[in-house]
Amino acid sequence: MKIDNNSPYLAFSRETWSELRDAVQLPLSEAELKRLQGINDKVSLAEVRDIYLPLSRLLNLYIKAKQRRNRVLDQFLGKDPHHVPYVISIAGSVAVGKSTTARILQALLERWPQHPRVALVTTDGFLYPNQVLEQRGLMRKKGFPQSYDIRRLVQFVSDIKSGKPRVTAPVYSHLVYNIVPDQEAVVEQPDIVIIEGLNVLQSGMDYPHEPHRVFVSDFVDFSIFVDADERLLKTWYVERFLKLRSGAFTDPESYFHHYAQLSEEEAVTVASRIWQEINYKNLKQNILPTKDRAELILTKGKQHEVEQVWLKK
Ligand SMILES: Nc1ncnc2c1ncn2[C@@H]1O[C@H](COP(=O)(O)OP(=O)(O)O)[C@@H](O)[C@H]1O
Ligand SMILES: CC(C)(COP(=O)(O)O)[C@@H](O)C(=O)NCCC(=O)O
């Protein structure tokens with residue numbers, strides 16, 4: 001561990017961070033290992049053991065401390081104990097692995113008796129429907145601050161945090177590339193809510209077109225930023241696009257169905273263009289500037305291996 005007095009972060013190499021798993025009392029069973037591989041067969045078990053197990057241990061300690069603090073507050077106020085979910089946010093570029101990280105953490109955190117119910121939410125449900133984006137000329141700005149109904153997103157997280165018994169969110173489909181009408185995601189007072197999306201660390205400054213004074217981060221207990229070199233991000237984006245081309249894009253329902261016919265070379269050109277014109281621009285303008293707001297930063301290298309961990313002091 002490196003201590004730089006001028007940095008707000010403690011810096012860990014992969015090795016020093018992985019040693020912090022030693023005290024994890026719950027080793028992974030065969031069945032759990034299988035389930036983790038089911039999330040994404042590319043995720044190596046060494047990665048889960050060395051990076052995500054220590055992280056889940058840290059989170060378990062923080063959550064227990066927060067639960068104790070909430071009990072004290074209820075006692076002080078003379079109230080019956082009430083349920084408040086612990087909210088974890090995961091930010092980072094498109095294709096850095098936010099949703100995979102979220103699912104690994106969900107699987108690991110569910111194993112603890114203090115918080116067995118872990119819900120996952122993605123912020124894409126709060127994108128405006130394509131019809132609205134088209135009217136506003138924002139179809140090539142999906143993921144940029146102005147493409148989200150940010151007030152609705154903030155209200156959603158606020159409702160979760162205030163202990164509402166049932167909170168709902170719209171659902172976005174990557175297949176149809178749009179909000180799905182008549183579908184909703186439901187959050188019913190789980191112990192933990194993991195909310196992932198490229199905008200979860202953004203503040204009012206990032207939304208000058210729609211000023212608001214309360215941010216998602218006001219309701220988040222622990223924030224994570226997943227980071228990687230931009231060349232790796234582009235490679236991962238293109239690789240995922242190629243995989244979708246031979247999978248989801250072959251579905252006639254898919255918005256990108258016509259891309260299924262492309263040769264591999266053409267598909268790489270299309271993916272590189274979408275990356276460069278939309279996701280890379282968004283990364284530079286709106287996502288990277290929020291990195292230092294995170295409580296924890298995971299810096300990935302090749303093959304998605306986490307090389308460094310930064311934890312706020
Ligand atoms: N830890 C990991 N190990 C191996 N591959 C990963 C890992 N995390 C993500 N990936 C791969 O990287 C790509 C992007 O991951 P994804 O979780 O969909 O990113 P995001 O939600 O940030 O857009 C996917 O193809 C996924 O399979
Ligand atoms: C849906 C997204 C904006 C990500 O949304 P998030 O869940 O991070 O809020 C992104 O995956 C996306 O589709 N971007 C538009 C350009 C593209 O097709 O990659």
Side-chain angles (χ1 to χ4, degrees), residues 36-52 55 89-107 120-130 133 138-150 152-153 156 169-179 185 194-202 216 224-228 232-249 254-256 259 270-283 286-287 290 298 300-307:
L36 282 165
Q37 292 260 269
I39 290 175
N40 184 329
D41 60 8
K42 290 227 189 93
V43 176
S44 83
L45 293 175
E47 198 64 13
V48 173
R49 189 191 58 216
D50 293 345
I51 302 299
Y52 300 100
L55 177 52
S89 69
I90 304 182
S93 167
V94 168
V96 73
K98 297 182 298 302
S99 72
T100 306
T101 303
R103 284 187 292 151
I104 296 171
L105 283 181
Q106 178 186 36
L120 271 191
V121 193
T122 75
T123 61
D124 51 15
F126 296 89
L127 285 165
Y128 288 111
N130 286 355
L133 295 176
L138 294 174
M139 272 307 275
R140 300 188 67 74
K141 288 267 186 277
K142 255 191 202 181
F144 283 61
Q146 57 273 39
S147 66
Y148 290 98
D149 187 344
I150 190 67
R152 192 163 175 196
L153 171 60
F156 170 77
V171 174
Y172 181 79
S173 157
H174 285 269
L175 188 73
V176 292
Y177 207 60
N178 201 353
I179 297 293
I194 303 177
I195 174 154
E196 60 101 349
L198 29 89
N199 57 12
V200 287
L201 286 165
Q202 289 170 353
V216 171
I224 299 171
F225 188 97
V226 188
D227 196 22
L232 288 174
L233 292 171
K234 180 178 175 184
T235 311
W236 297 338
Y237 181 77
V238 173
E239 279 171 5
R240 189 175 61 182
F241 191 92
L242 291 179
K243 220 162 42 189
L244 290 169
R245 168 177 147 270
S246 45
F249 293 172
S254 167
Y255 181 82
F256 290 128
Y259 288 160
V270 170
S272 304
R273 200 183 59 229
I274 300 176
W275 171 259
Q276 209 60 35
E277 292 176 3
I278 306 179
N279 297 317
Y280 176 69
K281 257 195 202 155
N282 196 16
L283 173 66
N286 304 305
I287 304 170
T290 68
L298 298 174
K300 285 181 168 183
K302 283 189 191 132
Q303 260 75 51
H304 289 269
E305 272 193 6
V306 172
E307 293 177 340

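Below, each value reflects all heavy atoms present in this structure, side chains not excepted, and no hydrogens, waters or symmetry copies. Counting starts at 1 for both ligands and their atoms, in listed order.
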For ligand 2, is L198 a contact, meaning one of its heavy atoms is under 4.0 Å away? yes
Mind checking whether D124 has an N or O less than 3.5 Å away from an N or O of ligand 2? yes
Checking the side chain of Q202 only, and the main-chain atoms of N286 only, is there a donor and an acceptor separated by less than 3.5 Å? yes
Identify the closest protein heavy atom to atom 10 (C) of ligand 2: which residue and atom is it, and at what distance? V94 CG2, 4.0 Å
When you compare the side chains of N130 and K142, does any donor N or O come within less than 3.5 Å of an acceptor on the partner? yes
Taking all atoms of both residues into account, what is the closest heavy-atom pair of L233 and A95, and its distance? O-CB, 4.3 Å
To atom 17 (O) of ligand 1, the nearest of L232, T100, T122, D124 on a heavy-atom basis is T100
Keeping S44 on the side-chain end and E47 on the backbone end, is there a donor-acceptor pair under 3.5 Å? yes
Any nitrogen or oxygen of N279, main chain or side chain, under 3.5 Å from a nitrogen or oxygen of ligand 2? yes
If I apply the N/O under 3.5 Å rule, does E47 come out as touching ligand 1? no
I'd like to know if Y177 contacts ligand 2, where contact means a heavy-atom distance under 4.0 Å to any ligand atom. yes
Geometry only, no angles: is H174 polar-contacting ligand 2 at N/O separations under 3.5 Å? no
For ligand 1, which atoms sit closer than 4.0 Å to a heavy atom of K42? 3 (N), 4 (C), 5 (N)
Classify the ring geometry between Y255 and Y177 as parallel (under 30°), tilted (30 to 60°) or perpendicular (over 60°). parallel
Is it true that a side-chain atom of K300 and a backbone atom of V226 form a donor plus acceptor pair closer than 3.5 Å? no
Sub-4.0 Å atoms of ligand 1 with respect to non-hydrogen atoms of V43: 1 (N), 2 (C), 3 (N)
Does R103 come within less than 4.0 Å of ligand 1, judged by its heavy atoms? no
Would you say R240 and ligand 1 have an N/O pair spaced under 3.5 Å apart? yes
Can you tell me which residue and heavy atom of the protein come closest to atom 15 (O) of ligand 1, and the distance to 0.1 Å? G97 CA, 3.5 Å
Considering only non-hydrogen protein atoms, determine which one is nearest to atom 14 (C) of ligand 1 and report residue, atom name and distance to 0.1 Å. A95 O, 3.5 Å
Short N/O distance, under 3.5 Å, between R240 and ligand 2? no
Considering both backbone and side-chain atoms of H304, is one of its nitrogen or oxygen atoms within less than 3.5 Å of a nitrogen or oxygen in ligand 1? yes
Between the side chain of N279 and the main-chain N/O of V94, is any donor-acceptor distance below 3.5 Å? no
Can you find a non-hydrogen atom of Y148 under 4.0 Å from ligand 2? yes
Measure the distance from atom 3 (C) of ligand 2 to every protein heavy atom, then report the residue, atom name and distance (to 0.1 Å) of the closest one. G143 CA, 3.5 Å
Tell me, do L153 and N199 make a side-chain contact under 4.5 Å, heavy atoms counted? yes
Out of curiosity, is E305 lining ligand 1, as in a heavy atom under 4.0 Å away? no
What residue and atom, counting heavy atoms only, is the protein's closest point to atom 26 (C) of ligand 1, and at what distance? N40 ND2, 3.4 Å
Quick check on atom 1 (C) of ligand 2 - does any protein heavy atom sit closer than 4.0 Å to it? yes
Any nitrogen or oxygen of S99, side chain or backbone, less than 3.5 Å from one on ligand 1? yes
For ligand 1, which atoms sit closer than 4.0 Å to a heavy atom of K300? 8 (N)
Check each atom of ligand 1 against the heavy atoms of K98 and keep those under 4.0 Å away; list them by number with element. 17 (O), 19 (O), 20 (P), 21 (O), 22 (O), 23 (O)
Any heavy atom of S44 under 4.0 Å from ligand 1? The part involved is neither
G92 touching ligand 1 at heavy-atom level, < 4.0 angstrom: no
Hey, is Y237 one of the residues with a heavy atom under 4.0 angstrom from ligand 2? yes
When you measure from atom 25 (O) of ligand 1 to every protein heavy atom, which one gives the shortest distance, and what is it? K243 NZ, 3.5 Å
Ring centroid separation F126 to Y148 under 6.0 Å: no
Quick check: does any side chain N or O of S147 sit under 3.5 Å from a backbone N or O of F144, one acting as donor and the other as acceptor? yes
Would one find an N or O of I104, backbone or side chain, under 3.5 Å from an N or O of ligand 1? no
Can you say whether the rings of F241 and Y237 are parallel (under 30°), tilted (30 to 60°) or perpendicular (over 60°)? tilted
